[in-house]
There are 2 protein chains.
Amino acid sequence: MEQDIATLWSHALENSKGISLQKKLHADIRGGILDGILKTGARLPATRALAKRLGIARNTVIEAYDQLIAEGYLETKRGAGTFVSAMRPDDFMTSSQGENTKPPRVVTAKTEPMQLSGMPALDQFPNQIWARAASKAVRGLNADLMYHRDPLGYAPLRQNIADYLKASRTVVCSYKQVMIVSGLQQGLFLLASSVLQENANIILEEPGFIGMLAAARATGIPISYTAVDADGACVPQKSAGLLVTSPSQQYPLGYTMPHNRRLALLNWARETDSLILEDDYDSEFRYAGRPLNSLQGVDGGKRVIYGGTFSKSLFPAVRMGYLVLPEHLVNRVMAFRSATDSFPAITGQLALNAFMESGEFSKHIRRLRKVHARRQNVCAACIRQKLSPYFNLQPSDAGLHLLLRPTTALIKSGITEDIWVEAAYTAGIGAVSLSHTFNKTKPEHGVLMGFANMVDELIEPAIETFRKNMQRETGY
Amino acid sequence: MEQDIATLWSHALENSKGISLQKKLHADIRGGILDGILKTGARLPATRALAKRLGIARNTVIEAYDQLIAEGYLETKRGAGTFVSAMRPDDFMTSSQGENTKPPRVVTAKTEPMQLSGMPALDQFPNQIWARAASKAVRGLNADLMYHRDPLGYAPLRQNIADYLKASRTVVCSYKQVMIVSGLQQGLFLLASSVLQENANIILEEPGFIGMLAAARATGIPISYTAVDADGACVPQKSAGLLVTSPSQQYPLGYTMPHNRRLALLNWARETDSLILEDDYDSEFRYAGRPLNSLQGVDGGKRVIYGGTFSKSLFPAVRMGYLVLPEHLVNRVMAFRSATDSFPAITGQLALNAFMESGEFSKHIRRLRKVHARRQNVCAACIRQKLSPYFNLQPSDAGLHLLLRPTTALIKSGITEDIWVEAAYTAGIGAVSLSHTFNKTKPEHGVLMGFANMVDELIEPAIETFRKNMQRETGY
């Protein structure tokens, strides 16, 4: 193995005229890992030995190693050396390039549009691969697993999630802070029910996801709201509570929270002794540029609880998501979960763990990112071309839905929002109204249109039908 | 592989003077499996070939194999030979083999016998058949199922459960009243949180299952208690509320509620406008006579919510149970579930549905009933034979645990209940104290001893160790 690595690198270094040796060494090790030549768990040569063998300065090797460790490609084990990590940071950061992305077997077409505007491309789900992972996992069911009763969930899965979040979202955590939940609604419910002080509010974004509102209401804890501007959630007026926010891509308005607002929120949380639930519901799906770091990572996981879901990266009925809890809150949330829902089921956890372990999860995310980006582009182009008399499209390069706001002409026509949504819905488009995401303040009107689960060939005809419906209703 | 096995055994047999060859061969194969030298799925040599190679009689090999098959260490596959099983019977009794049976990345290791005294015979679970059902189900995952979002659960499974309950427990219901929950703790939590009137109490049996107490406490609703006599739960003093009762077999005292008490409870519920949650947690396991009808059936499903679980008929980590709700309560409980936990995961539901559909579920119940009855008999006989100086065994022909109450001599000895439990526990018996099931009133003392998950051959040695431990502690 060491011989292989040395040969690979010697060859690479021969062709490296004009580039810094460290940069080249870094790039070649990274390339070797991504090409599968350096496999997960492979032990790297000691820096001194490698430097000597390659005839370069030891510091060059150390710096290249350090950079790869920081990026998550390599990891050190105390006293044992440096190894190729199980995780590939790039898996989670960029769309796949030049990889075999042949779509899996197309699933049966649906006869009605998906109700939710946040549905991923279910036709891209690799059923057979998932089934293999699930079958393999379930065949390994033994007494320990049949009895497995950890209220936080199955530890190997939590470890895989922690690794994934560290690499892709700069979340700061160990698996001991990860709790498997059925989704972010359960996450909010368990968290708010178990950790909030007397007199604390749950503070929701307005507008926001009604599912989270329902979960907040079910706790019986008073709810207040904070407005959303172009920087995302505003710093709450209320002095203390649990703020639920979606900084990566505000739902439904789509704004990404800039760094300054993030710092202001963290500052508010510190000063008021509040907590923040970072609802990172679809952060996997950013189609341009680098994703911002998670708020939890900036905070260091002291006041921010990070929450994510597999509803969008796999499929909604898989019913698995996770909270990353600050250490000092783990026991309280766990006790409440244990009392009210015991512990999560092993079957789905084993399947998901096998799916992540095998690398299929990150492959699937890359494939989805590419397909979603394409569908978003096609959709946006069609909307601009066909629907401009009725709607202005809010620009977006992330997520699973587009936001269409009415033109002045449409408003003047007097045709109401429910008719717009109906016009989209009957055209086979998963559409919901913007107004339903407002709870307290005067609602804005618009159409939230899911694009990710629309098969490419059906996008143009569906939007054309939407246009015809709008034309019929408005008369222009 | 065969060569390795032969070498291992040859060596072992060289040192086996004075012990029966069969016993030694049995012990060494078992040891090899437990030490991980003989791995799951490894094919064993044919009996004839092995006998020849070891220079021993073929019958000696056959008998050793047969014993290991009976104990679950080996299994035969038709026409293919004899293999090391995936299951380790000893897993279920003790934890000392944990090093070898621990899945590679499990971080938290079990270091104790099964905590609960209500564990079914996990060694009897038909893993391969379940795995086939689960695999088949998951291969059929289509877009409709990936999106399936019924807060009550997957309708075909609910239909199968309704059919099963009608046939086996005279429950009166349609599938529209069946809600899949993660277990009865979630069932109680959802129900009490969503349907109780202001000022209503949750009324629990005293003594009772602490898991239900934890779920009740988590609702924040005031809790009161009703005593248990030889007819089960007494008619509550408090005027109105949700009474949680286990009439089939009171937990932990084991009493079955006679018809008159059932009528009295139903009468109380009608007069006070109260509800009753019938916790039918292990009604599958009645070993003599016909089971009484469900309380829900007597009531006609008007005031009684019937609750059951697959934790005992399948395995605890499957996390599926059900409520049968009176029609007029369905919407309220469903709304609360939808807000706080959305809907149950499809993967486990599909597997269970296929398992029920194929008839394997009822086959498994029949098998379990037989095995449990046998283990209960063996256990009871051993206890009477060995432990009578210390404990009086409460007669039982149902359930998954036995109740041992102290003799006058034991009480006089001054040795406390925690020592009794420890004496059982360190003998590898899943034992818990009776006193922990009391919350409000002066606790009674005793040992709740799980018998169902004890492999037959280990019952006598375990109880003998228990006896020795008791003798050492008491000095008599």
Side-chain angles (χ1 to χ4, degrees), chain A residues 107-110 114 119 122-123 125 127-128 130-131 134-135 138-150 154-156 158-159 175-176 182-183 185-186 189 193 211 214-215 217-220 314-320 335-336 338-348 351 453, chain B residues 86-88 91-92 98 101-108 110 114 119 122-123 125 127-128 130-131 134-135 138-139 141-149 182-183 185-186 189 193 211 214-215 217-220 314-320 336 338-348 351:
Chain A
V107 296
T108 50
K110 298 224 359 107
M114 297 293 181
M119 194 65 59
L122 295 182
D123 60 308
F125 188 72
N127 296 43
Q128 298 307 315
W130 172 261
S135 304
V138 86
R139 276 196 305 273
L141 207 61
N142 61 24
D144 278 333
L145 293 171
M146 287 196 274
Y147 176 73
H148 192 272
R149 47 177 56 243
D150 190 328
Y154 183 55
R158 287 156 53 210
Q159 182 66 61
Y175 79 94
K176 293 177 184 173
S182 71
Q185 286 179 229
Q186 189 187 40
F189 182 76
S193 299
R217 280 187 174 144
T219 63
L314 296 177
F315 54 93
V318 78
R319 300 315 304 144
M320 276 184 286
F336 189 81
S338 180
T340 61
D341 185 38
S342 304
F343 47 95
I346 197 71
T347 314
N453 197 29
Chain B
M87 303 290 290
R88 303 282 173 273
D91 291 356
F92 310 116
T101 56
K102 192 171 65 175
R105 292 193 64 199
V106 167
V107 194
T108 52
K110 249 178 1 82
M114 297 295 182
M119 193 67 59
L122 295 182
D123 61 309
F125 188 71
N127 295 45
Q128 299 307 316
W130 173 261
S135 304
V138 85
R139 276 195 305 273
L141 208 62
N142 60 26
D144 277 334
L145 292 171
M146 287 195 273
Y147 175 73
H148 192 271
R149 46 176 58 243
S182 70
Q185 286 179 230
Q186 189 187 40
F189 182 76
S193 299
R217 279 187 174 142
T219 63
L314 296 177
F315 54 92
V318 77
R319 300 313 306 143
M320 276 183 286
F336 189 82
S338 179
T340 61
D341 185 38
S342 304
F343 48 95
I346 198 71
T347 315

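Just the heavy atoms: all of them, side chains too, but no hydrogens, waters or symmetry mates, feed the values below. In the text below, chain A, chain B and the rest are named by the order of the sequence lines, each starting its count at 1.
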* Asked: Hey, what do you get for CG (B:N127) to CG (A:L145), rounding to the nearest 0.5 Å?
  -> 10.0 Å
* Just how far is it from atom CG of B:N142 to atom CG of A:D123, taken to the nearest 0.5 Å? -> 13.0 Å
* chain A heavy atoms under 4.5 Å from B:L314: which part of the residue, side chain, backbone, both or neither? -> neither
* Structure fact -> Rounded to the nearest 0.5 angstrom, the CZ-NE2 distance for B:R319 and A:H148 is 12.5 Å
* Are side-chain heavy atoms of A:F315 and B:L141 found at a separation under 4.5 Å? -> yes
* Spacing of B:S342 atom OG and A:F189 atom CZ [to the nearest 0.5 Å] -> 12.0 Å
* **Segment of B:F343 engaging chain A (4.5 angstrom heavy-atom cut-off)** => both
* Asked: Where the side chain of B:Q186 meets the backbone of A:T340, is there a donor-acceptor pair that is under 3.5 Å apart?
  -> no
* **Closest approach of A:S135 to B:R139 (non-hydrogen atoms, all atoms of both residues)** => OG-NH1, 4.4 Å
* **Contact leader toward chain A among B:A317, B:A214, B:G220, where contacts are heavy-atom pairs under 4.5 Å** => B:A317
* Asked: Between A:I346, A:V318, A:T347, which has the largest tally of heavy atom pairs under 4.5 Å with chain B?
  -> A:I346
* Asked: Does any heavy atom of chain B fall under 4.5 Å from the side chain of A:A218, the backbone, both, or neither of them?
  -> both
* Would you give the length of the straight line joining atom CE of A:M146 to atom CZ of B:F125, rounded to the nearest 0.5 angstrom? => 6.5 Å
* Atom group of B:T219 that falls short of 4.5 Å from chain A, counting heavy atoms -> neither
* Pick from A:A335, A:G140, A:G348, A:S182: which one has the most heavy-atom pairs with chain B under 4.5 Å? -> A:S182
